[in-house]
There are 2 protein chains.
Amino acid sequence: MIGAGDIQLEVRVILFSLRDRQLQVLLVPAGEPQGTSLWQLPGNQVAQFRSLEETAGVCLIKYIGCREAYLEQLYTYGYAEKQLVSVVYYALIPEGEHSAKKDILSQWFPVEMPPILVSNHAEILQYALRRLRYKLEYTAVGFELLPDQFTLSELQNTYEIILGEKLDKRNFRRRILRADVIEPTPHQRGGEGRPARLFRYRPDAVAEVKARRLFP
Amino acid sequence: MIGAGDIQLEVRVILFSLRDRQLQVLLVPAGEPQGTSLWQLPGNQVAQFRSLEETAGVCLIKYIGCREAYLEQLYTYGYAEKQLVSVVYYALIPEGEHSAKKDILSQWFPVEMPPILVSNHAEILQYALRRLRYKLEYTAVGFELLPDQFTLSELQNTYEIILGEKLDKRNFRRRILRADVIEPTPHQRGGEGRPARLFRYRPDAVAEVKARRLFP
DNA sequence: GCAAAAGTGTTCTTTCTACACCCATGC
DNA sequence: GCATGGGTGTAGAAAGAACACTTTTGC
């Protein structure tokens with residue numbers, strides 16, 4: 001068995017959530033080297049006999065006190081010179097469920113204007129964003145950022161925020177309903193204007209609805 | 001710093017190639033416990049100060065003596081009980097460039113009927129196949145399994161083999177040409193029947209042509 | 001001249017896109 | 001009664017699917 005003796009293994013998690021009608025990401029301080037404040041992605045060393053997913057879950061609890069969230073492995077980065085391997089996940093935190101524990105000096109930032117990040121974390125964040133956008137286009141993952149029940153306008157808003165473009169209301173509704181991944185509930189939500197029907201994600205829906213292919 | 005002291009780190013590579021009009025995968029023996037022969041995915045320990053991609057490249061050379069191939073990270077598996085982390089890549093080896101070195105007792109198997117595999121390698125293989133099929137549908141990655149120049153029929157064949165379904169010749173040609181990822185060369189290939197024009201992949205083509213979305 | 005593979009267009013159906021007005025409620 | 005967001009349908013354009021015959025070569 002060659003080398004690989006004293007390799008450090010860490011898990012980092014990119015926490016996405018909707019706040020103030022923006023997609024935001026949770027970051028933690030990485031010290032202040034020369035006056036400028038540096039930030040980094042939240043993470044954790046992988047403890048002995050802990051699995052990678054478990055460790056990612058530990059991060060969720062540690063940083064936002066939240067069990068259960070959509071979690072997906074993003075990529076594994078090897079830093080040869082540092083003898084460090086970083087397995088990166090991203091998580092989607094439903095609106096409201098993100099307290100961002102005060103004892104940890106973490107802070108939410110809009111994904112469009114993150115602060116200066118250590119190492120290649122900015123690149124990782126960009127990649128995560130690309131993957132999230134891509135995933136949103138062919139799966140129903142958008143619901144993971146919303147509470148259990150939501151209106152169609154809220155859902156459309158979520159899509160618009162993440163994709164960064166306006167969508168047509170009628171077309172959006174027609175397709176999302178045709179895709180058969182959400183169902184109406186008997187409830188409505190009041191507020192300003194006409195009350196809106198509440199929908200919920202159909203747990204029995206197929207997770208990955210197949211997109212039309214490019215090269216059939 | 002918690003734990004993570006004596007973690008083993010390995011890279012495994014799933015080598016795909018077309019042989020005998022089938023998609024095949026290279027496997028290596030894993031001993032013969034009780035008479036039945038067991039196989040595994042080729043791999044390597046990550047040597048000190050070697051990057052993950054480098055290590056995957058070392059695997060390519062070690063197992064099929066091939067530098068340069070399409071290589072993509074698939075997934076990272078953590079085996080908590082074994083204190084082992086396995087970063088898995090898959091590679092697409094162009095037809096012909098796979099000698100499967102004789103000194104290593106490796107062997108090609110059709111992906112549809114692999115032998116018994118150790119650990120969760122069968123599951124990994126299935127996942128790789130799914131990812132490859134999926135990728136084929138929205139990118140031009142099929143070319144990576146063909147030689148530099150190829151006929152449209154060969155290309156269509158490649159797609160049919162991997163996707164496991166027949167495609168319409170005229171529709172296939174129309175779309176693959178419209179996608180603007182291949183270009184004709186001045187050459188032809190003879191053989192039985194009418195000679196066919198040779199095409200090549202356009203290196204300047206955008207790698208990921210965007211598929212139509214499901215939820216716009 | 002015939003076997004074998006290459007090459008080529010059209011029609012019909014489905015899906016996409018763009019677009020504007022009435023509805024239900026709170027104040 | 002009016003401001004506010006919720007909800008609904010259609011027509012033209014684009015893309016997809018299904019389909020059969022002619023062409024070029026080697027033997």
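Note on naming: letters A, B, ... go to the chains in the order of the sequence lines (proteins, then strands), and numbering restarts at 1 for each one.
Taking atom CZ on B:F172 and atom P on D:dA18, their separation rounds to 16 Å, with Å as the unit. One can place CZ of A:R21 at 11 Å from C1' of D:dG5, the figure rounded to the nearest angstrom. In this structure, CD1 of A:I176 is placed 15 Å from P of D:dT8, rounded to the nearest angstrom. Atom CZ in B:R175 sits roughly 15 Å away from atom C1' in C:dG9 (whole-Å rounding). For the pair B:R178 CZ and C:dG9 P, the computed distance is 15 Å after rounding to whole Å.
Qualifying ring-ring contact (aromatic ring centres under 6.0 Å, His included) partners for A:F16, counting only residues two or more places apart in sequence or in other chains: none. For A:E10, the side chain to side chain donor-acceptor pair (under 3.5 Å) partners are A:R12, A:S86, not counting sequence neighbours. Partners of B:Q73 by side chain to side chain donor-acceptor pair (under 3.5 Å), not counting sequence neighbours, listed by chain and number: B:Y89. Every residue was checked against the side chain to side chain donor-acceptor pair (under 3.5 Å) condition with B:Q126, not counting sequence neighbours, and none meets it. For the ring-ring contact (aromatic ring centres under 6.0 Å, His included) test, residues two or more places apart in sequence or in another chain that qualify with A:F109 are A:W39. Residues passing the side chain to side chain donor-acceptor pair (under 3.5 Å) test with B:Y70, sequence neighbours excluded: B:E72, B:K135.
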Self-check item: Contact state string [nucleotides 19-27 of chain C, B base, S sugar-phosphate only, - no protein heavy atom under 4.0 Å]
Solution: BB--BBBS-
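Under the salt bridge (charged side-chain N to carboxylate O under 4.0 Å, His left out) criterion, the residue pairs touching residues 140-155 of chain B are B:E154-B:R189, with sequence neighbours excluded.
Using a 4.0 Å cutoff on non-hydrogen atoms, no part of residues 144-158 of chain B comes near DNA chain D.
At the phosphate of C:dG7, OP1 or OP2 sits under 4.0 Å from a side-chain N or O atom of B:R173.
Contact detail for B:P42 and B:L27: the closest heavy-atom pair is CD-CA, 4.3 Å.
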